Amino acid sequence: MDMKRDYYEDIQLFQSGVVLAWTVALLLVLFTIPLYTPNYYVYLLNIIMVHVILAVGLNILVGSTGQISLGHAGFFAIGAYGTVLLMTLLQIPFVFAILIAAFIAAFFGFILGLPALRLEGPYLAIVSMGFGLTIMHIIGGVDAFGGRMGIKAPPLDLGIKQLGISWILKTDFQKYYLILIMTIIMVVGARNILKTRVGRSFVAIKDSDIAAEVIGVNLTIYKTLAFAVSAFYAGIAGGLFGFVLGFFDPFTFNMILSIIFLVMVVVGGLGTILGGILGATLITYLQYDLLKNIAEIPYFGALMVAVSKQWFTMVGLENISSMAIGLIMIGIIIFEPLGMFGVWIRMKKYWMTWPF
Amino acid sequence: MDHFRVENLSISFGGLKAVNNISFGVEKNSIFSIIGPNGSGKTTIYNMISGIYKPDSGRILCDGEELVGLSPDRIARKGVARTFQNIELFSNATVMDNLLLGRHIHMKTGVFSGAFLWGRGSRAAREEIRNREIVEKIIDFLDLQSVRNNYVASLPYGKRKLVELGRALALEPKILLLDEPSAGMNTEEKEDLNIWIKDIQADYRVTILLIEHDMNMIMGISDRILAMNQGEKIIEGTAKEVQSHPEVIRAYLGEEHGC
């Protein structure tokens, strides 16, 4: 099984027939899910996939390059606002608007990457946090951007109005397929980046920046590039997110969101593509579904609400959600530093060596 | 004109003159060793050559090109590769990836061409395949096949030293700086290393600078030797000249006090 016949097999997408078969099966499931799930879950899946794009991008920065960012909600906002404003103010078709917005986000990523050349760890965390907050407040202060009242996304038209082609996606069901295809492209792209020269240079910077320099990796270029790539992913995710929500205001992109993004990456597994996907899926599901409906679980739900009202504030459920996510994060760091990816690896090993 | 020249190189840290007015020249495709007790400034010279430290004064010339003032990655592009005394590998990457990183300056794939690696005909894939072939030859040469896909963090010390040597070789350097390559190796491994260094000199047509404490190895392998003590040059010459120089003996064995 491990016999390799040529070097391409080291980098090809499907390392074996088994992987290919499972991938096809997974794709079949993904493409048919909306046919037999209620609309609310299709909406939830849309949000999950948007977060997957962002988490995979953030993981390139945090997991692979070893730089921290607490400002990714800022890039997410630039993507969302950029796409919508380019469409409404300049009449640019969606396909180009989201790309331009993502490149704008990437440019801001490059800017944020500059202080990262001198700063590390907690200092960089604070700078990036300041960046995220600044973006949020700038957007909130400009009336043309909708100010604090928020902004409404135009109809999601995949065609080009100027040429008379129009293909409007109205329902979550239709948007699901657009987002799914975007997610697949972005995830495969990230995997390919990490398998080739640029991704290797990112890992080199994380492990030993002195050795990276000495073999010819330019730190200035590659550190800022890691920020730009990561911000590009956040921009694409933001552009899609705007249309999933339909309406959003600056406080959608608050600092807590940046922290949640970081939690996704850590819980999923740092430095791996699968980690980003698993983390985003789990945390988004917890936040948007399980923990929102916790009060409806018999007995336990009522107990949690009572505890929360007694000891914390009136907005009980929000507290439970934050606490649960915090506990998961602590648990992962203590018991499974590789995150859910580590669990996956152990399951795979168990399966391959079964029954021994 | 020498292939590689260091002229009047000096650096001091605070009041300490770590390297003081050192000059030497190295001929193409020769082995040049630097010896001296601990703290005599050998590794500091390497750090100045590879651009990690900026010398206070002096020149470093490779084929007549000035290296002082260039950043480490630019110096790597001029064809200077090195290993480290305390091994600086990328421990979260496999041996293969470490060696491929050595190919960094010879590759071109960027973010976009890398992301669009669709199938074996794509530009990124063709470049990967070509460079993996070159790296495979180095893996063969250094006998690393058994650990090819292992993470560096899981390797024993001796193997890591070899991976680091391989990574420097993958750069196809004109000048290879080896910093105590035999440290931590047993006698057998040292003998292998001896042969490898000679092979590298012959097969890769590379000029080798060597810092080493193993005198048997140094004396047998070097074309010329520079002996240093406390940042100063004692003597530069052939093995015989250096061995018999009284200052060298004093630096290594200490002075005889009549008592």
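Chain A is the first sequence line, chain B the second, and so forth, proteins listed ahead of strands; every chain is numbered from 1. Here the structure is a predicted model, which is why all the values come from computation and not from measurement. No hydrogens, no waters, no symmetry mates; every other heavy atom, side chains included, goes into these values.
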* Before giving the answer on side-chain contact (heavy atoms from CB on, under 4.5 Å), spell out for A:I210 and B:F84 the whole-Å C-alpha distance, their side-chain angles and the decisive distance to 0.1 Å. => CA-CA 10 Å; A:I210 288 213; B:F84 291 85; 3.7 Å; yes
With only heavy atoms counted, which part of [X] is less than 4.5 Å from chain B, the side chain, the backbone, both or neither?
X: A:Y222; result: side chain
X: A:V217; result: both
X: A:K195; result: backbone
X: A:L225; result: side chain

Is it the case that atom [atom1] in [X] sees more than 12 heavy atoms from other parts of the structure closer than 6.0 Å?
X: A:F107; atom1: CZ; answer: no
X: A:E120; atom1: CD; answer: no
X: A:W344; atom1: CH2; answer: no
X: B:F24; atom1: CZ; answer: yes
X: B:Y151; atom1: OH; answer: no
X: A:Y177; atom1: OH; answer: yes
X: B:F4; atom1: CZ; answer: yes

In Å and rounded to the nearest 0.5 Å, what is the [atom1] to [atom2] distance from [X] to [Y]?
X: B:D73; Y: A:L219; atom1: CG; atom2: CG; value: 7.0 Å
X: A:I193; Y: B:F112; atom1: CD1; atom2: CZ; value: 8.0 Å
X: B:L100; Y: A:S201; atom1: CG; atom2: OG; value: 10.5 Å

* Asked: For the candidates A:A190, A:A212, A:A228, which exhibits the highest count of non-hydrogen atom pairs separated by less than 4.5 Å from chain B?
  -> A:A212
* To do: Against chain B, work out which of A:R191, A:K206, A:M186, A:E213 has the most heavy-atom pairs shorter than 4.5 Å and name it.
  => A:E213
* Asked: Would you say A:D207's side chain and B:S91's backbone share a donor-acceptor pair under 3.5 angstrom?
  -> yes
[X], part contacting chain A, at a heavy-atom distance under 4.5 Å:
X: B:A125; answer: both
X: B:T109; answer: both
X: B:R77; answer: side chain
X: B:R167; answer: side chain

Against chain A, work out which of [options] has the most heavy-atom pairs shorter than 4.5 Å and name it.
options: B:R126, B:E133, B:H104, B:E88; answer: B:H104
options: B:P72, B:A76, B:G110, B:A93; answer: B:P72
options: B:E136, B:M96, B:R82; answer: B:E136
options: B:I105, B:I52, B:N131, B:N92; answer: B:N92

* To do: Start with the C-alpha gap between B:F90 and A:I215, add the side-chain angles, then the distance that decides, and say whether side-chain contact (heavy atoms from CB on, under 4.5 Å) holds.
  => CA-CA 12 Å; B:F90 309 118; A:I215 56 156; 4.0 Å; yes
* Asked: Can B:E128 and A:R200 be counted as an ion pair, charged N to O under 4.0 angstrom?
  ->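 Counted as a salt bridge, because a side-chain N and a carboxylate O are separated by less than 4.0 Å.
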